[in-house]
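Reading through the structure tokens given below for one structure.
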Number of protein chains: 2
Amino acid sequence: MKGKATSFDIAHLAGVSQSTVSRALRNSPLVNQETRDKVQSIAKQLNYKVDKNASSLRQKSSKTLALLLFEDPTSDDSMINPFFLSMLGSITRASAQEGYDLLVSFQQLSDDWHADYEDTNKADGIILLGYGDYMDYQDKLAKLEQQQTHFVLWGAVDKEHPGISIACDNFQGGYKITQHLIQKGRKHFAFIGGADSHCPEFFERYRGMCHALSQAGASALPIQIDAITTEESGYQAAMQLLSTGQKMDAIVCASDLIAIGVMRALHDKQLAIPQQIAVVGYDNILAASFTNPPLTTVHQNTRLAGEMLVKSLVSLIKGERQQPKLLPAELVIRQSCGAELKR
Amino acid sequence: MKGKATSFDIAHLAGVSQSTVSRALRNSPLVNQETRDKVQSIAKQLNYKVDKNASSLRQKSSKTLALLLFEDPTSDDSMINPFFLSMLGSITRASAQEGYDLLVSFQQLSDDWHADYEDTNKADGIILLGYGDYMDYQDKLAKLEQQQTHFVLWGAVDKEHPGISIACDNFQGGYKITQHLIQKGRKHFAFIGGADSHCPEFFERYRGMCHALSQAGASALPIQIDAITTEESGYQAAMQLLSTGQKMDAIVCASDLIAIGVMRALHDKQLAIPQQIAVVGYDNILAASFTNPPLTTVHQNTRLAGEMLVKSLVSLIKGERQQPKLLPAELVIRQSCGAELKR
DNA sequence: CTGAAAGCGCTTACAG
DNA sequence: CTGAAAGCGCTTACAG
């Protein structure tokens, strides 16, 4: 036998028609048990595998999902946020569980989004993941929607924007962690991370924080300084913040990576964490439990998130209607939010 | 126009044959510049995209690579080793750069390896990644080889086993880090991690260590305790090690995750790192720079590794012969290997 | 430079 | 329960 076996080869050997082979291999109840067994055993012997290209072409479905991770335009290619890597892991697992293959690709926002996976019939649907400037890609989402692409989005749940999104409750996360700091006696807050609609996830965290603050009777809004999700950006932002000379005893960061940068800045300036300034993060990446002091943060259940994302997308592909979903945020208390203030 | 546009629709609109459309879209020099432009502009208008299933079926090449990450059988599904996640990132990037899509999947070793990606023509080649018991999958590799699957393997470069492998020089890494510890005055060594042919990567690191030791005139072999690559496993192994009561002042760990567990054990036992016992790891994951004290480790250049893996595989697919490749290991000195011994 | 035709390897109505 | 046939949407020899 030269080259790979095809269903015709099997048909020939089994003495049946090729259509019957196809049916038998797909376990069609239409075909006689005996014939089916015979065909299947020959297929196994020949190490036959159905050609997915042919099958997908014919069925107009590839049983494949595509994961698009878009990255902060400014982040160097050195490192991807560990949080997304962890999401990637859980999405991979969830896809396999649902019987779908997973295509993975990173997108620089600058690219001419070649999210062609569905247009080219390589994937049946797309999962979109990543922080980044929401305004920049909003019209790309609209375009996807208009082309009737099946897709789900990780991030901010928002009725306004196109597509189904799954997200952790960022407002709740920001609220909870701030409330905790207030209980610990903190009074003067700063927030580091983009707090506007360009960054809806960060913005929600910020709004949650403000809510907790106003509930506690704080008069002033917290100081806020922009930063993207990198350690360096967090470091720079903290330096800028400190140079203002404003009084503060707690810094809420939009992500753990930012928080790690902030802690480095505070160490450089010889400010004690948490005695002088408490620092908290968001995401609960592995490194957060090893910082000095260990970082208090908000955990997002990536396993569950990946599952929801995949399941929703699969439902969408099957033509079912889907609702956006909001997952709870969990506070992880470690030492960086710390001790009571010494007055 | 109902449904997606096909090359026939374009042919119709452009007033040429479908074959010409196909040629024009692939920029064939055979077709008249004018015709080509016309076809391409119509295609753009219709938002036409070639169907990859049809095209792959016809060309017998999918321009897709598959990445198979196999995991430690015992590791819970909670976490993938950050080192592999980082490899995954660089492989994704490298694939895109080479013009290939990337299919990602995790394999439990227990599974009936459905590495069917190439058999089903869904991928042109496979990248294999992961620690794990080498003996367990050796025959699977042999089978891949026998089926003439194109694949590259990350891990131990070894003439014996089937397939092309790319690896960091684990022997060199183990050698360098041990040598460094010897210079710092350490005398009594232990190694934590599987040191036998089931785990060729760890074994090489171990052998590098032994070489440095014997070169320095150490008489005895280091104590060695098995552990898989998880924090918990490292913790357990260290506890076991400490319970032996053996004299030691340096623990060399086969991975950072193991080292992190070992450090936790030493803290629990109130042993000062590095004053009483130095600890070093391997992989240079992000968390390693935040441990207390920061972990001395060996860095593997994942960006380069991903590139080599992808490039070698692509060459293999093109029918070129390939050689295994060995990348250098880089020592990353932090504080856990530490201060001079106080005597 | 262009077109008509064959064929990649399947799945699935249609007819029996 | 089975077979002959059509067709998924391309690419590429072949002929002109």
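In what follows, chains are A, B, ... by sequence order, proteins preceding strands, each numbered from 1.
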Checklist entry - Quick one: do the A:Thr302 and A:Ser86 side chains pair a donor with an acceptor below 3.5 Å? => result yes

Checklist outcome for this item: The residue, A:Phe8 or B:Pro29, whose nearest nucleotide of DNA chain C is more 5′ is B:Pro29

Item to check | Test log, rule side-chain hydrogen bond (donor to acceptor under 3.5 Å, both in side chains), inputs B:Asn53 and A:Asn121 | outcome: CA-CA 7 Å; B:Asn53 292 132; A:Asn121 292 326; 5.2 Å; no

Item to check | Among D:dA13, C:dA13, D:dC10, the one nearest A:Arg23 by side-chain distance | outcome: C:dA13

Item to check | Interatomic distance, A:Asn121 CG vs C:dC8 P [rounded to whole Å] | outcome: 21 Å

Checklist entry - Does the side chain of A:Tyr48 come under 3.5 Å of the side chain of B:Asp119 through a donor N or O and an acceptor N or O? => result no

Next on the checklist: For D:dG9 and B:Lys49 - does any side-chain N or O of the residue sit under 4.0 Å from the phosphate oxygens OP1/OP2?
Outcome noted: no

Next on the checklist: With no hydrogens and no angle check, just 3.5 Å: does a side-chain donor-acceptor pair link A:Ser7 and A:Ser22?
Outcome noted: no

Checklist outcome for this item: Against the side chain of B:Val50, the closest entry in D:dG3, D:dC10, C:dC10 is D:dC10

Checklist entry - Taking the side chain of B:Ser19 as heavy atoms from C-beta outward, which of C:dG3, C:dC1, D:dT2 is closest to it? => result C:dG3

Checklist entry - What integer distance in Å separates A:Gln18:CD from D:dA4:C1'? => result 11 Å

Next on the checklist: Using a 4.0 Å heavy-atom cut-off, does B:Lys52 contact any base of the nucleic acid, only the sugar-phosphate backbone, or nothing at all?
Outcome noted: nothing

Item to check | Rounded distance in Å - NZ (B:Lys122) to P (C:dG9) | outcome: 18 Å

Checklist entry - Just how far, in rounded Å, is C1' of D:dG9 from OH of B:Tyr48? => result 7 Å

Checklist entry - What's the NZ-C1' distance between A:Lys38 and D:dC1, to the nearest Å? => result 15 Å

Checklist entry - Given C:dG9, D:dC10, C:dC10, which nucleotide is nearest the side-chain atoms of B:Leu57? => result C:dG9

Next on the checklist: If we check side-chain contact (heavy atoms from CB on, under 4.5 Å) with B:Leu67, which of these qualifies: B:Leu309, B:Leu88, B:Ile126, B:Thr92?
Outcome noted: B:Leu88

Checklist entry - Looking at D:dA4, C:dT2, C:dG3, which one has an atom nearest to any side-chain atom of B:Asn32? => result C:dT2

Next on the checklist: Taking D:dT2 as the reference, what is the distance to D:dA6 when you measure between their P atoms (whole Å, please)?
Outcome noted: 23 Å

Item to check | Protein-nucleotide distance (A:Gln59, atom CD; D:dA6, atom P), rounded to Å | outcome: 21 Å

Next on the checklist: With no hydrogens and no angle check, just 3.5 Å: does a side-chain donor-acceptor pair link B:Thr20 and B:Ser17?
Outcome noted: yes

Checklist entry - Under a 3.5 Å cut-off for both distances, is C:dA4 Watson-Crick or wobble paired, and to whom? => result none

Checklist entry - Any side-chain N or O of B:Thr20 less than 4.0 Å from the OP1 or OP2 oxygen of C:dG3? => result yes

Checklist entry - Between B:Ser55 and D:dC10, does any side-chain N or O lie under 4.0 Å from OP1 or OP2? => result no

Item to check | Shortest side-chain distance from A:Thr35, nucleotide among C:dG9, D:dT2, D:dG3 | outcome: D:dT2

Item to check | A:Tyr100: which of A:Val310, A:Asp124, A:Thr64 passes side-chain contact (heavy atoms from CB on, under 4.5 Å) | outcome: A:Asp124

Checklist entry - Given atom NZ of B:Lys60 and atom C1' of C:dC10, what is their separation to the nearest angstrom? => result 11 Å

Next on the checklist: Given D:dG3, D:dC10, C:dG9, identify the nucleotide with an atom nearest to the side chain of B:Thr6.
Outcome noted: D:dC10

Item to check | Distance, C1' atom - from D:dT12 to D:dG16, rounded to whole angstrom | outcome: 16 Å

Checklist entry - So what's C:dA13 paired with, Watson-Crick or G-U wobble, going by both distances under 3.5 Å? => result none

Checklist entry - Looking at D:dC10, C:dT2, C:dC10, which one has an atom nearest to any side-chain atom of A:Ala54? => result C:dC10

Checklist entry - Please give, in whole Å, the distance from C:dG9 P to A:Asp51 CG? => result 7 Å

Next on the checklist: Considering every strand and a 4.0 Å limit on heavy-atom distances, what is the contact class for A:Ser7: base, sugar-phosphate, or nothing?
Outcome noted: sugar-phosphate

Item to check | Nearest-neighbour nucleotide for the A:Ser22 side chain, C:dC1, D:dT12, C:dT12 considered | outcome: C:dT12

Item to check | B:Val16 side-chain proximity, nearest of C:dT2, C:dG3, C:dC10 | outcome: C:dG3

